[in-house]
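The analysis underlying the following values was restricted to heavy atoms, covering all of them including side chains, and did not include hydrogens, waters or symmetry mates.
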Amino acid sequence: KEFLVEISGTTVTITCPLTEGSINWRLTGITPVSNERKYVIENHDSSPTNVSCSSGDKTYHMYLNARVCTNCEELDALAVTGIIAADLLITFGVLILVYYFSKDRKGRASPSAGSRPRGQKVQRPPPVPNPDYEPIRKGQREVYAGLESRGF
């Protein structure tokens, strides 16, 4: 048999596994005045304590290390499951929105300077000639006739 411990706020309720007879409680050297099966500790300070209950020759011992707080809220499993499910739905919704908005931008040409248009390759016009490096044209060979090739 085991103790039943219920915690609500700063109140700790302990139920002794003994069912018959007058029950004597003992908490770390203190003998409280209670002969009931349930013992209520009001304003528990979260300090660990040894608890025992006895009736006749039967005694049960327990080490109580209950953390309590005044502003705690209890959440049941359904509320926690709902919060996690809502968080996942919102996260996936944002993920899908970002995906679809970024998917539409791939088709547009960006206005950045280094971008090339995608799709068919467009023939580029020849570069503007540099007057220092003009190509040899017909009829102008005499300009370059004095230049001789050097052997490297």
If every non-hydrogen atom of F3 is compared with every non-hydrogen atom of I14, which pair is closest and at what distance? CD2-CG2, 3.6 Å
Quick check for you: to the nearest 0.5 Å, what is the distance between T15 atom OG1 and K38 atom NZ? 4.5 Å
I41 side chain near L27 side chain, heavy-atom distance below 4.5 Å: yes
With hydrophobic residues grouped by side-chain heavy-atom distances under 4.5 Å, do I84 and L75 end up in a single group? yes
Report yes if some heavy atom in the side chain of V68 is under 4.5 Å from a heavy atom in the side chain of I7; otherwise report no. yes
Any donor and acceptor pair, going by atom type alone, linking the side chain of T28 with main-chain N or O of N50 inside 3.5 Å? yes
Check whether any side-chain heavy atom of R37 sits under 4.5 Å from a side-chain heavy atom of L18, and report yes or no. no
Starting at CD of E42, measure out to OG1 of T11 and round the result to the nearest 0.5 Å. 4.0 Å
Atom pair CD/OG of E6 and S8 - distance to nearest 0.5 Å: 9.0 Å
Distance, nearest 0.5 Å, that separates CG of L88 from CG of L95: 11.5 Å
Counting C-beta onward and ignoring hydrogens, is there a side-chain heavy-atom pair between I96 and Y99 closer than 4.5 Å? no
Side-chain donor-acceptor pairs of residues 51-64 under 3.5 Å, sequence neighbours excluded:
unit_1: S55; atom_1: OG; unit_2: E20; atom_2: O; d: 3.1
unit_1: S55; atom_1: OG; unit_2: S22; atom_2: O; d: 3.4

Minimum heavy-atom distance N65-S46, with the two atoms named: OD1-O, 4.4 Å
